[in-house]
Structures are given as C-alpha cells and as structure tokens.
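The next block holds one structure in the form of structure tokens; read it before the comments.
Side chains are part of it too, since the values below use all heavy atoms of this structure and drop only hydrogens, waters and symmetry mates.
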Protein chains: 2
Amino acid sequence: MQNISKEDYLSAIYKYRETDGTIKANRIADKLSISNAAVTDMLKKLANDGFVDYKRYKGIRLTKNGEEYAKNMVRRHRIWEVFLHQIVGMPWDKVHEEAHNLEHGASDELINKMEEMLDFPEFDPHGDPIPDKNGLLPKQRHTIPLSLAAKGEAVEVVRVNDFDNSFLKYLSGIGIKLNKKLTIKNVLGFDKSMIISIDNKEVNISSTIAANVFVHRKN
Amino acid sequence: MQNISKEDYLSAIYKYRETDGTIKANRIADKLSISNAAVTDMLKKLANDGFVDYKRYKGIRLTKNGEEYAKNMVRRHRIWEVFLHQIVGMPWDKVHEEAHNLEHGASDELINKMEEMLDFPEFDPHGDPIPDKNGLLPKQRHTIPLSLAAKGEAVEVVRVNDFDNSFLKYLSGIGIKLNKKLTIKNVLGFDKSMIISIDNKEVNISSTIAANVFVHRKN
DNA sequence: GAATTAATTTAAGCAAGCTTAAAATTATTG
DNA sequence: CAATAATTTTAAGCTTGCTTAAATTAATTC
C-alpha cells in the first residue's frame, strides 16, 4: 500500500470535521499544513476512490467506506500511542508524533497483536476513544471542559487536547494526568484563570489551559 | 526526513556489497526490484550527498558517511526484528517484512529505548549482527554452512539466510531455530541431502536448505 | 440585491522516483 | 584484437503530491 498521503487526509477529515459530518477544504489544508489547491486535487482522487462525497465548491463528507477507512487509521494511531506509552514507556507528549510516523507502516496483524497485549484499551493516552476491530467506539463519557467547572467542584481528568506537545508537557509538569482528581479552589473573575488543587498542592492555570482539559464531575 | 528511498538504497548497498566493499548497479536494481536506470539516477544523488563514491561506469562503494548511515539503518531494522519477535511475539518468518515497514518511521530515541528494553541484543532473530549506537558490531562468530558439516558432527545453529519467508517457515516446521543443537546423522552421496537429528528426531533436508543454515561446530 | 470578501478551483509548473528504449561504455571471448 | 555480450547511462516521459497565481463560485455585508 502506498496510500500514506490519502490516509493522512482521511484521518484529518475524520478527526477535524464538524459535528454534522462536514468539513471545509480550508480546514483540511490548515490541519495538514498544505495549500488549498492540493486539497482540491486530493479530494477528487478520494471521491474517485469512493472515500468522500464531494461536489465542486460544496461540502465534503466521508462516505461509509471512507468512514471505515478513516476510523481504522485512527484506531491504528491510538493503539500505537497506548503501546508506546505503556509498553515502551514513552512520555505523554511524544507518543503522538511517533505514532504518526509508525501508523502507516504496521500491518493489521501487528496492530491487533498490540491491542491484545494491551488488553483492548478503550482510550489513548490523551483520553481519545479507540475504535475496536469492528469500528465500534467505547461508550461516550460525559465530559466538560475544566474551564466550565465551578468553584468547589471535584472533578476527574478524562481527556486532554493533544494539539501541542508543549501543552502536554506543561500539564505533566503541574501534575495533571489522565484519571487525576482535581478540586477547583477558586475561579478568578477578571481572566477566568483557576486555582485548582492536585495532590493537595494548589496550582494556578489559565483559562486557555482549562479549556483544553476535559473532566468528569465527581460530586 | 523524507529519505525512505535513499535509505533503502544505502541499506541494500551495505547488505549486498561484495567483501571488497564494492557493488554493481545491477545487483542493487535486482535487490530493490527496480530498473538500472533508476539506480543510476539515485547513485548520482547519493554521491552528491556524500554517501557513495561513484564514477560513471565504475564501481560503487559507500563513503565513511554512507557506511555510517547504512549501518544505522541496518541497526534500526534488526532492533525492530528482535522487538517484534521477543516483545510482540511475532513469528520468525514475519518480522523481516514488518520491520522493513517500520524502520524508516521510528525516531532514534525509540530505537534506543527498544534496544535497552531488549537488553542490548547482539543478533537479530535470523542471527545477523546488530551494530550498537556507535556502529560497533559484535565479535564475529566462526560459522560454516550446515552443508559443509560432516557425518557425525554436532553443531549449533547460529544464523540463517532470511531471503525467503517460506524458507524460514519451513525451518520452524522441522524444528530448526537459532541456538538449536543438531547432529548430522548421514550425508547422502548422490544429492548431498542430509539426515540430521533435532531433539532426537531425524529429518531429511536438501543441500539447498543446508547451504542456507549456518552453524558452529560443537565437537 | 449589488458589492465586497472569503473560499475554492483551475492552470501551470516543480521535484522525486520510477519506467522503457536507445546509446555508450566496459568486459568477454573466439 | 575485433566482435559480441553485458552492463551502465542517457533521454524522454509518467505519476504523485505538492506549489503559486489567477479565475471562479459562494458568502457576507452594506
């Protein structure tokens, strides 16, 4: 298979599309750091392959086949992430890039073997859901951005946005990990920054940080 | 890095060159299943990058830099093989192909981490030596092809040629693995096929098979 | 609803890495 | 050593996936 580029497009569409299933060429170009013209080019090929529904100047969405293919790519990526984190001991902020460089190469057999070794994980190290062999996603968890939690609430970290390595590194630095329990001590009015308690230590985090950490209410 | 093709050329040159260090364009083309013209093309680029010494119509050999780069690729490949075999439990005859598809993607950091997990293995699952971080190879072992062993000799399997998956599968099937002890019970005169004893069972192997299994004399 | 702005597509072109066919060079052999 | 054979290179061309610039279409705003 020599579909690395196509696979990257399908993953990006799957990952960054709107809740109604559509995505703009614009956004794809942005996420893949390429020109709009290149996206138009590739969309024609993907449409021709039956992976996307596409009409000139109109919205883009995955077909059933495209959905399946993309979901499998996301599955591959996330299983690699868990494997690298748990088996190889690679830190949180490095697994995404490494997994991206490995996801196109591995055979399905290897992916399935790793999944089994990991005892069929449901979420990757950032809390994103992992589709199983049949494309089924784990039951969705009800989460809110930490920024919406109120003073006094006790919450558990369930997912973080992994758009930036330094962000993840920062989170590790202040002790925020998946499944960590936090208590909101205070929310400052003027900039919405928060004082939260982690492991009985208090830290101050900006509202931008808080908006990218997703939590589950515990009380 | 987008050097997949270049890396494949360098690996092939390293792996398939003659003992005097030279290799013919011919052979590279053959091993990589591409045309001679493509090889000429790439040799110019590799020469330009300082990885090979190359003059039109003349012999090809790696420069010091090329040697280093190639050795590192071989290292990456073989560490993947050991990892897939020992940690993931992938069979002998499948690790080569899988490793080939992963070797370009992994970071040096990951390779080093895997090497450490594996306690710095010196040989891959086929008995080929693994260069260490500094490019040093393990001490060379004195081996002979099994086909040269004589009736009555006791030998230990040290390396096998991995040019063909079905060959490796066949070897597993009759019980031949690395470090296995064998005794040559008989060598048939007319076709040089051998009767050898493995785990107290006698099997008959052709001279071609025997020529691709390398052993160490035990007595 | 016309004008402006934003998004998308077309057009032309480039680099990498391949192909086949023909030409050039080197090697072999009678 | 000349003829033939084998190897290597050049030439022309193809595909993929990208680029920038210009043209087209859609969306927004006055």
Side-chain angles (χ1 to χ4, degrees), chain A residues 1-18 20-62 66 69-70 73 100-101 103-105, chain B residues 1-14 16-18 20-63 66 69-70 73 100-101 103-105:
Chain A
M1 178 176 318
Q2 215 61 300
N3 297 327
I4 295 181
S5 195
K6 281 185 185 172
E7 289 176 352
D8 283 341
Y9 277 83
L10 291 174
S11 293
I13 296 172
Y14 180 88
K15 224 179 145 190
Y16 299 113
R17 63 190 170 176
E18 304 297 325
D20 70 355
T22 64
I23 187 169
K24 293 191 169 182
N26 223 359
R27 190 164 163 79
I28 300 175
D30 202 55
K31 290 299 177 183
L32 296 180
S33 302
I34 51 176
S35 70
N36 282 346
V39 173
T40 302
D41 246 36
M42 185 58 88
L43 285 174
K44 286 179 192 166
K45 293 177 197 167
L46 289 173
N48 201 51
D49 293 344
F51 290 134
V52 299
D53 280 331
Y54 164 71
K55 290 199 195 77
R56 292 167 67 255
Y57 294 104
K58 290 290 159 56
I60 298 149
R61 74 167 59 237
L62 294 170
Y69 201 142
M73 287 314 298
H100 181 71
N101 291 329
E103 66 189 358
H104 301 289
Chain B
M1 177 174 323
Q2 214 64 297
N3 298 328
I4 295 181
S5 195
K6 282 184 186 175
E7 289 176 351
D8 283 341
Y9 278 82
L10 291 175
S11 293
I13 295 172
Y14 180 87
Y16 299 114
R17 62 188 169 176
E18 304 298 325
D20 70 355
T22 64
I23 188 169
K24 293 192 171 184
N26 223 359
R27 189 164 164 80
I28 301 174
D30 202 56
K31 290 299 177 184
L32 296 179
S33 299
I34 53 176
S35 70
N36 281 347
V39 173
T40 302
D41 247 37
M42 185 58 88
L43 285 174
K44 288 179 192 167
K45 292 177 197 165
L46 290 173
N48 200 52
D49 292 346
F51 290 134
V52 298
D53 280 329
Y54 164 69
K55 290 198 195 77
R56 291 165 70 253
Y57 292 104
K58 289 290 159 56
I60 297 148
R61 73 167 60 236
L62 294 171
T63 61
Y69 201 140
M73 288 313 299
H100 180 72
N101 292 328
E103 64 188 0
H104 301 289

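Here the P atom of nucleotide dT8(C) and the CD1 atom of I23(A) are 10 Å apart, to the nearest Å. Atom NZ in K55(A) sits about 18 Å away from atom C1' in dA7(C), given to the nearest Å. The interatomic distance linking L46(B) (CG) with dT9(D) (C1') rounds to 16 Å, in whole Å. Distance I28(A) CD1 to dT9(C) C1': 14 Å, rounded to the nearest Å. Between K45(A) atom NZ and dT15(D) atom C1' the separation is 8 Å, expressed in whole Å. Taking atom NZ of residue K6(A) and atom P of nucleotide dC18(D), one finds them 12 Å apart after rounding to whole Å. Here the C1' atom of nucleotide dA16(C) and the CD1 atom of I4(B) are 12 Å apart, to the nearest Å. One atom, CG of N26(A), and another, P of dT9(C), lie 11 Å apart when rounded to the nearest Å.
Formation of a donor-acceptor pair under 3.5 Å by the S33(B) side chain with backbone atoms of A29(B) is not found in this model.
Residues Y54(B) and A47(B) come closest through the heavy atom pair CB-CB, 4.1 Å.
In this structure, NZ in K31(B) is found 11.5 Å from CG in N26(B), a value given to the nearest 0.5 Å. Here the CD1-CG distance, from I60(B) to L43(B), works out to 4.5 Å after rounding to the nearest 0.5 Å.
With DNA chain D read from its 5' end, the first of the two nearest nucleotides for Y9(A) and L43(B) is the one closest to L43(B).
Side-chain contact between V39(A) and I34(A) is present, with heavy atoms from C-beta onward closer than 4.5 Å. You'll find the side chain of R27(B) stays beyond 4.5 Å of the side chain of I13(B), heavy atoms only.
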Would you tabulate the nitrogen or oxygen pairs shorter than 3.5 Å linking the protein to nucleotides 20-27 of chain C?
from	atom 1	to	atom 2	distance (Å)
dA24(C)	N3	Y57(B)	OH	3.3

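Across all strands, K44(B) comes closer than 4.0 Å only to sugar-phosphate atoms, never to a base (heavy-atom distances).
For T40(B), whose side chain is taken as the heavy atoms from C-beta onward, the closest listed nucleotide among dC18(C), dT9(D), dT9(C) is dT9(D).
With 3.5 Å as the limit, one finds no donor-acceptor pair spanning the side chains of N3(B) and H104(B).
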